[in-house]
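Read through the structure below, which is laid out as structure tokens, and then see the notes.
Starting from 1, each residue takes its place in the sequence as its number. Given the structure is predicted, the values throughout are model-derived calculations rather than measurements.
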Amino acid sequence: MTTTSWADFERAAPVLAAAVRRRFEGYTHHVLATLRADGAPRLTGLEATFRDGELWLGMMPNSRKARDLRRDPRFALQANPGSGAEMAEGDARVSGRAVEVRDPSVLARFSAAQPEGEVPEVFHLFRADLTEVVRVYLDVPDLCIDVWHPGRPVRTIRRGNDDAPPREENGG
């Protein structure tokens, strides 16, 4: 099975990757969606980190979201929307599979690079294997939705405020 890192996404769609990363880096906390054992969705807060060409998801030991991801690695991460006035960069979501990192040397490097006291002694660390990235923004008068999947070009869907059907564009 092929995996797609954040660096892979940046190479494939640099303009979209830069916009999505800016949106996530504008706030510390975001919303993570996982699946509970019964299949119901679980939404929880999460700090996401971009480093070394990866999108990292760190969690407290034995947190419910970590247990969810160990059982079913599918996730969606929604960028913090802020108060509304800050939506100039649009709305961003990353989806994929969370790959747990258990290598002690990688965990130690991750901890060492975080600000002092930010990482507990024991924690779960997951690397995002991307399957979809979406950005929604206004390009007046249209609402635009950029969608990227590994191996495909960015697709932009434009929706006007009239009765015309949505228009699609392919780009990079």
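- Within the hydrophobic cluster formed by Ile, Leu, Val, Met, Phe, Trp and Tyr side chains joined at under 4.5 Å, directly or through other members, Val99 stands alone, with no partner residue.
- Relative orientation of the Phe126 and His124 rings is tilted, given thresholds of 30° and 60° on the angle between their planes.
- Rounded to the nearest 0.5 Å, atoms CG (Leu57) and CG (Leu69) are 7.5 Å apart.
- One hydrophobic cluster, built from ILVMFWY side chains closer than 4.5 Å, cannot hold both Leu43 and Val94; they sit in different ones.
- Heavy atoms only, all atoms of each residue included: Glu10 and Arg21 are closest at OE2-NH1, 3.6 Å.
- Contact check for Arg93 versus Leu77: no side-chain heavy atoms found under the 4.5 Å cut-off.
- Atom CG of Leu46 sits about 10.0 Å away from atom OG1 of Thr34, to the nearest 0.5 Å.
- For the residue pair Ala12 and Pro14, the shortest heavy atom distance occurs at C-CD, 3.7 Å.
- For the pair His30 and Ala79, the tightest heavy-atom approach, listed with the atom from each and the gap, is ND1-CA, 3.5 Å.
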Just list the side-chain donor-acceptor pairs under 3.5 Å for residues 144-154, sequence neighbours left out, or say none.
residue : atom : partner : partner atom : Å
Asp146  : OD1  : Tyr137  : OH           : 3.3
Asp146  : OD1  : Thr156  : OG1          : 2.7
Asp146  : OD2  : Tyr137  : OH           : 3.3
Trp148  : NE1  : Arg152  : O            : 3.4
His149  : ND1  : Arg152  : NH1          : 3.4
His149  : NE2  : Glu132  : OE2          : 3.0

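- The hydrophobic side chain of Leu35 is isolated, with no ILVMFWY side chain under 4.5 Å apart from it.
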> When you look at Arg135 and Val133, which way does the side-chain contact (heavy atoms from CB on, under 4.5 Å) test go after all the steps?
Replying inline: CA-CA 7 Å; Arg135 178 175 175 244; Val133 179; over 6 Å; no
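- Here salt bridge (Lys or Arg N to Asp or Glu O under 4.0 Å) pairs that include residues 69-79, with residues two or more places apart or in two chains, are Asp68-Arg71, Arg70-Glu100, Asp72-Arg74.
- Partners of Ala128 according to the side-chain contact (heavy atoms from CB on, under 4.5 Å) rule, which considers only residues two or more places apart in sequence or in another chain, are Leu55, Phe75, Leu130.
- Rounding to the nearest 0.5 Å gives a distance of 5.5 Å between CG of Leu32 and CE of Met59.
- Under the 3.5 Å distance criterion, with hydrogens and angles disregarded, a donor-acceptor pair is assigned to the side chains of His29 and Glu47.
- Each side chain to side chain donor-acceptor pair (under 3.5 Å) pair with one or both residues in residues 54-67, not counting sequence neighbours, would appear here, but there are none.
- Looking at every heavy atom in both residues, Gly160 comes nearest to Asp142 through CA-OD1, 3.3 Å.
- No continuous path of hydrophobic side-chain contacts links Val31 to Phe24 [ILVMFWY only; heavy atoms under 4.5 Å].
- For the atom pair CG of Asp8 and OG1 of Thr3, the computed distance is 7.0 Å after rounding to the nearest 0.5 Å.
- Side-chain contact between Asp129 and Thr4: present, with at least one pair of heavy atoms (C-beta onward) separated by less than 4.5 Å.
- Between Thr2 and Arg97, the shortest heavy-atom distance links the atoms O-NH2, 4.0 Å.
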>> Walk me through whether Asp139 and Arg158 qualify under salt bridge (charged side-chain N to carboxylate O under 4.0 Å, His left out).
In response: CA-CA 9 Å; Asp139 184 14; Arg158 298 175 87 63; 2.5 Å; yes
